[in-house]
Asks: 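For reference, the structure I am asking about is given below.
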Amino acid sequence: MNAPTSRRILVTSALPYANGQIHLGHLVEYIQTDIFVRFQKLRGHDAVYLCADDTHGTAIMIRARAEERSERDLIAAMREDHLKDFAGFDIEFDHYGSTDSDANRRLCGEIWRSLRDKGLVVSRDVKQLFDPKAGVFLADRFVRGTCPRCKAADQYGDACEKCGATYSPADLVDPVSTLSGATPEIRSAEHLFVQLEPMQGFLREWTKNSGALDPRIANYLAGHFLGEPLRDWDISRPAPYFGFEIPDAPGHYWYVWFDAPIGYVAATDEWATARGGSWKEWWHRGAGEPAAEIHHFIGKDITYFHTLFWPAMLEAAGLALPTKVRIHGFLTVNGEKMSKSRGTFLLARTYLDHLDPACLRYYYAAKLSGNIDDIDLNLEDFAAKVNSDLVGKVVNLASRTARWLEGAGLSETYPNDGGLFAQGAVDGAEIAAAYDECDFARAMRLVMAAADRANAYVDAEQPWKLAKAGPESAERLRDVATVALNLFRQIVVYLAPVLPELATETGALVGGPIRSWEESRHPLTGVAVAPFKPLARRVEAAQLEALVAASKPATPPSAPSSPSSPSNPSSSGNASVTTDPAEPLAAEPLAPQCTIDDFTKIDLRVARILAAEEVPEAKKLLKLTVSLGGEERRTVFAGIKGFHDPAALVGRLVVVVANLAPRQMKFGLSEGMVVAASGAGATGVYLLSPDSGALPGMRLH
RNA sequence: GGCAGCGUAGCUCAGUUGGUUAGAGCACCGGCUUCAUAAGCCGGGUGUCGCCGGUUCAAGUCCGGCCGCUGCUACCA
């Protein structure tokens with residue numbers, strides 16, 4: 001029963017680059033980190049979540065130029081966007097800084113001096129392509145040209161996508177700068193390098209034995225970098241460059257990857273200073289009691305920086321090393337890389353326009369198991385999982401029992417529940433262990449198992465019958481509902497790191513704010529229960545469709561419908577045009593715009609009804625057999641019973657969706673769908689018929 | 001091209017150091033229920049564990065090859 005020993009835990013997420021908006025891929029990391037930190041805080045630990053915008057580098061400089069604004073103006077605007085998006089997803093940083101801060105400049109200087117003092121900095125000339133028109137050195141991806149090996153046109157500066165050759169940008173035939181179109185010239189410039197080879201022994205030991213890395217990662221590093229001499233790390237860029245000028249090397253700037261991780265320390269500095277402390281309490285070895293843990297959450301793409309460069313820098317500077325580098329995979333949507341053209345490049349903002357952030361937080365939690373596999377956001381699965389778990393199992397528990405307690409409140413003593421609450425409390429240890437290892441998927445499975453038990457309890461006790469049985473059952477009813485609501489609140493405590501909003505609302509329903517994991521150990525008794533308000537809403541397919549539609553690239557400017565256009569009679573005021581009632585359209589607004597590609601996915605065919613029979617048990621269905629021409633027959637269940645006489649349908653031509661996935665219905669397999677018009681408020685269902693002459697099997701274009 | 005990860009039920013995923021008959025949730029099928037936001041409960045596994053070969057008394061698990069998917073590729077893999 002004693003509270004867990006308090007730990008001091010500093011947690012970071014990778015710094016988002018100030019050159020783009022937050023998307024759902026980013027959020028895999030920020031949501032994951034936020035859950036971890038909220039969990040640690042709920043457990044009573046001294047945890048702090050720090051992050052910052054990563055603001056420097058060529059890309060920012062070039063974009064600022066293109067937009068004819070200053071870099072600082074650009075990064076200030078991006079920062080605001082980022083903060084808004086994070087807040088929208090309930091991601092709660094203790095401090096959110098910027099790499100373009102005074103604190104960061106100062107700390108970069110301090111760590112730089114340590115590297116200099118250790119003799120790790122060397123200077124060397126580097127030949128690089130230079131864009132004379134834009135006046136900047138060009139990273140490989142800003143140069144395109146013809147592959148020197150296979151002569152494929154329009155290849156990047158470092159490798160050919162066609163033949164796979166790798167080369168130096170200087171080898172490209174007819175190189176062109178993608179910035180200005182100018183022909184780049186080769187220029188030589190001095191760069192500063194940090195020697196890593198002297199750190200090889202340290203890195204080999206740290207990656208393998210510190211416990212900071214998953215053995216798979218340690219193994220990967222051992223086999224690919226630590227087996228051979230480590231190359232020097234090019235750490236400076238010549239002017240012009242948006243970043244910090246190196247104090248003892250005028251005209252040279254720290255490369256963005258030097259100042260970015262130091263941003264973690266700078267954020268600590270700003271946060272600690274504001275509350276009267278110092279960053280040294282967290283980053284100095286042996287400072288503070290107990291020793292602080294440092295956890296970095298990162299994506300697998302930046303493994304190299306966080307497991308070799310960064311620890312080497314910290315080691316050289318004599319600072320504390322990461323306790324854990326927690327590496328996660330990337331996000332795919334519907335099994336594929338996010339794609340703008342498919343509408344699966346989902347921005348945080350767009351998601352928030354259509355859906356509840358809690359749904360994504362839960363879905364990610366249910367899929368994150370702490371390893372480096374990519375995770376897939378399957379939109380159908382997303383809706384099914386959220387609806388089934390959150391709405392059907394968890395929230396429904398309160399929804400189906402809270403109302404019986406509105407007047408009386410919870411029972412004065414906790415009733416016999418067959419050990420359910422006690423079992424839930426015991427499970428808490430296992431759930432906590434899963435959270436602590438970032439195996440949130442396992443935590444969610446355990447929580448849902450608890451919810452299943454609770455629902456089974458309610459079902460067995462049949463409180464609805466007690467409610468009807470009259471006053472002599474009132475106490476029993478109160479007891480059953482008391483158990484159910486306590487089991488619900490226990491589950492919500494376990495879900496609080498993932499679903500802070502649900503935790504807040506549950507606190508308002510019964511028992512007050514949830515502040516500690518310990519609240520899962522003791523049932524509430526004798527307290528009031530507020531009127532029940534819906535705690536979560538189902539995800540509807542239409543919301544997902546709208547999200548995808550809104551994520552497609554801006555459609556070519558739909559010809560602004562000019563009111564005077566003669567082809568647009570409804571707005572021409574022409575008296576000869578009859579005005580139809582507006583209700584049908586108003587009742588069911590237009591679906592989001594789709595492309596011709598979307599449309600052609602749906603194969604509409606003319607079909608002839610060969611047979612139509614009643615399905616006696618069905619309220620709405622008729623069983624139709626239709627011909628698509630030749631021998632192609634389909635069985636289709638159509639929801640038109642009561643509007644059409646089966647006998648009158650036989651022989652008639654209709655339109656069917658011919659490539660619709662078969663659907664198992666209660667009365668048999670339906671192999672298509674007959675198209676019909678209907679609408680809110682309308683009473684009938686109106687089948688479509690082609691003009692005479694159409695033949696079964698013809699496609700609608 | 002190089003490197004890494006993955007490939008288990010219709011879908012999303014668990015499967016610990018190789019060890020009975022390969023699991024969960026969802027979906028689906030059958031039954032029950034009607035308090036609840038079309039929610040809930042009971043029952044049913046629907047599978048060539050990507051393919052081929054090897055090690056072993058025993059392989060989803062270890063080894064080799066192949067295929068497929070995904071990601072990364074720091075001025076240098």
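In what follows, chains are A, B, ... by sequence order, proteins preceding strands, each numbered from 1.
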Asks: Write down the atom of A:V492, the atom of A:A503, and the distance for their closest heavy-atom approach.
Replies: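 In terms of heavy atoms, the two residues are closest at CG1-CA, 3.6 Å.
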
Asks: Using the benzene-type ring in the case of Trp, are the ring centres of A:F309 and A:W233 under 6.0 Å apart?
Replies: yes

Asks: Looking only at atom P, what distance separates B:A9 and B:C3, rounded to whole Å?
Replies: 29 Å

Asks: Specify the separation, in whole Å, of atom CG of A:D459 and atom C1' of B:G43.
Replies: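 About 14 Å, once rounded to whole Å.
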
Asks: Nearest whole angstrom, please: distance from the P of B:G5 to the NZ of A:K367.
Replies: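 A:K367 atom NZ is separated from B:G5 atom P by 21 Å.
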
Asks: Between B:G25 and B:C42, how far is it from one P atom to the other, in whole Å?
Replies: 10 Å

Asks: A:F130: what forms a ring pair (Phe, Tyr, Trp, His ring centres under 6.0 Å) with it, not counting sequence neighbours?
Replies: A:F137

Asks: Starting from P on B:G7, measure out to CG on A:N371 and report it in whole angstrom.
Replies: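 Going from CG in A:N371 over to P in B:G7 covers 10 Å.
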
Asks: Any side-chain donor paired with an acceptor under 3.5 Å for A:Q200 and A:E197?
Replies: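 Indeed, the side chains of A:Q200 and A:E197 share at least one donor-acceptor pair under 3.5 Å.
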
Asks: When you check the side-chain N and O atoms of A:D381 and A:Y363, is any donor under 3.5 Å from an acceptor?
Replies: yes

Asks: Quote, to the nearest angstrom, the P distance that separates B:G44 from B:A39.
Replies: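 The same atom, P, in both gives a distance of 23 Å.
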
Asks: Under 6.0 Å between the ring centres of A:H328 and A:F297?
Replies: no

Asks: Both A:I375 and A:R538 contact RNA chain B. Taking the nearest nucleotide for each, which residue is further toward the 5' end?
Replies: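 Result: A:I375.
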
Asks: For nucleotides 23-26 of chain B, tabulate all protein N/O to nucleotide N/O atom pairs closer than 3.5 Å, reporting atom names and distance.
Replies:
| from | atom 1 | to | atom 2 | distance (Å) |
| --- | --- | --- | --- | --- |
| B:G25 | O3' | A:K393 | NZ | 3.4 |

Asks: CG of A:L196 versus C1' of B:A77: gap in Å, rounded?
Replies: 15 Å

Asks: Heavy atoms only, 4.0 Å cut-off, all strands: where does A:L397 land among base, sugar-phosphate and nothing?
Replies: nothing

Asks: Heavy atoms from C-beta onward define the side chain here; which of B:C11, B:U37, B:G40 lies closest to that of A:N455?
Replies: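 Shortest atom-to-atom distance from the side chain points to B:G40.
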
Asks: For A:T332 and A:D374, what are the C-alpha separation, side-chain angles and deciding distance, and is it a side-chain hydrogen bond (donor to acceptor under 3.5 Å, both in side chains)?
Replies: CA-CA 7 Å; A:T332 54; A:D374 292 345; over 6 Å; no

Asks: Report the relative orientation of the aromatic rings in A:F242 and A:H56; use parallel for angles under 30°, tilted for 30 to 60°, perpendicular for over 60°.
Replies: perpendicular

Asks: Is it true that the side chains of A:S411 and A:D479 contain a donor and an acceptor less than 3.5 Å apart?
Replies: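 Present: a donor and an acceptor within the cut-off.
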
Asks: Is any side-chain N of the basic residue among A:R124 and A:D232 closer than 4.0 Å to the acidic one's carboxylate O?
Replies: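 So A:R124 pairs with A:D232 through a salt bridge.
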
Asks: Measuring only the C1' atom in each nucleotide, how far is B:G31 from B:U56? A whole number of Å is fine.
Replies: 47 Å

Asks: Students often get this wrong, so: under 4.0 angstrom with heavy atoms, is A:S369 touching a base, only sugar-phosphate, or nothing?
Replies: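 It contacts sugar-phosphate atoms only.
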
Asks: Describe the nucleic acid contact of A:N387 in one word from base, sugar-phosphate, nothing, applying a heavy-atom distance below 4.0 Å.
Replies: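 Contact class for A:N387: none.
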
Asks: Using the side-chain hydrogen bond (donor to acceptor under 3.5 Å, both in side chains) rule, collect all pairs that involve residues 456-475 of chain A, keeping only residues at least two apart or in two chains.
Replies: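 Matches after skipping sequence neighbours: A:E461-A:R476.
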
Asks: Rounded off to whole Å, could you give me the CG-to-P distance for the A:L485 and B:A36 pair?
Replies: 16 Å

Asks: Between B:C67 and B:C51, how far apart are the P atoms? Round to whole Å, please.
Replies: 15 Å

Asks: Judged by atom type as modelled, is there a donor-acceptor pair below 3.5 Å linking the side chain of A:S388 to the main-chain atoms of A:K385?
Replies: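 No, the answer is negative, given that no donor and acceptor are paired below the 3.5 Å cut-off.
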
Asks: Using a cut-off of strictly less than 4.0 Å between a heavy atom of the residue and any atom of RNA chain B, enumerate the qualifying residues of residues 461-474 of chain A by number.
Replies: A:W464, A:K465, A:K468

Asks: Is the terminal nitrogen or CZ of A:R237 (NZ for Lys, CZ for Arg) located under 6.0 angstrom from the six-membered ring centre of A:Y255 and within 45° of that ring's axis?
Replies: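 Cation-pi check for A:R237 and A:Y255: passes.
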
Asks: What is the distance, to the nearest angstrom, from the CG atom on A:D125 to the C1' atom on B:C76?
Replies: 17 Å

Asks: Looking across every strand, which nucleic acid part, if any, lies under 4.0 Å from A:N396 by heavy atom: base, sugar-phosphate, or nothing?
Replies: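 If one applies the 4.0 Å heavy-atom cut-off, A:N396 turns out to touch a base.
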
Asks: Name the closest nucleotide to the A:R403 side chain, picking from B:C75, B:A36, B:C41.
Replies: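 For the A:R403 side chain, the nearest candidate turns out to be B:A36.
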
Asks: Base, sugar-phosphate, or nothing for A:A536, non-hydrogen atoms under 4.0 angstrom?
Replies: base

Asks: On a whole-Å scale, what distance lies between the C1' atoms belonging to B:U8 and B:C49?
Replies: 4 Å

Asks: What stem regions, each of at least 3 consecutive Watson-Crick or G-U pairs below 3.5 Å, can be found for RNA chain B?
Replies: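 The stems that RNA chain B takes part in, listed by first number, are B:1-7 with B:67-73, B:10-13 with B:23-26, B:28-32 with B:40-44, B:50-54 with B:62-66.
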
Asks: Let me know the distance between CD1 of A:I372 and P of B:G7, rounded to the nearest Å.
Replies: 12 Å

Asks: Does A:F137 reach a base, just sugar-phosphate, or nothing at all? Heavy atoms under 4.0 Å.
Replies: nothing

Asks: Distances under 3.5 Å between protein N/O atoms and the N/O atoms of nucleotides 68-71 of chain B, please, pair by pair.
Replies:
| from | atom 1 | to | atom 2 | distance (Å) |
| --- | --- | --- | --- | --- |
| B:U70 | O2' | A:D374 | OD2 | 2.6 |

Asks: Provide the distance between the two P atoms, one in B:U17 and one in B:G54, to the nearest whole Å.
Replies: 26 Å

Asks: Under 4.0 Å from OP1 or OP2 of B:U37: is there any side-chain N or O of A:R400 that close?
Replies: no

Asks: Would you find a donor on one side and an acceptor on the other, under 3.5 Å apart, between the side chain of A:Q543 and the backbone of A:H354?
Replies: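 Yes: the side chain of A:Q543 pairs with the backbone of A:H354.
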
Asks: Would you kindly give the CG-to-C1' distance between A:L368 and B:G5, to the nearest whole Å?
Replies: 16 Å

Asks: Quote, to the nearest angstrom, the C1' distance that separates B:G43 from B:C6.
Replies: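 Between the two C1' atoms, the distance is 35 Å.
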
Asks: Tell me the closest heavy-atom pair linking A:L495 and A:M444, and the distance in Å.
Replies: CD2-SD, 3.6 Å

Asks: Could you check whether A:R124 gets within reach of a base, just the sugar-phosphate, or nothing at all, counting any heavy atom under 4.0 Å?
Replies: nothing

Asks: Run the ring-centre check on A:F305 versus A:W257 and record whether the distance is less than 6.0 Å.
Replies: yes

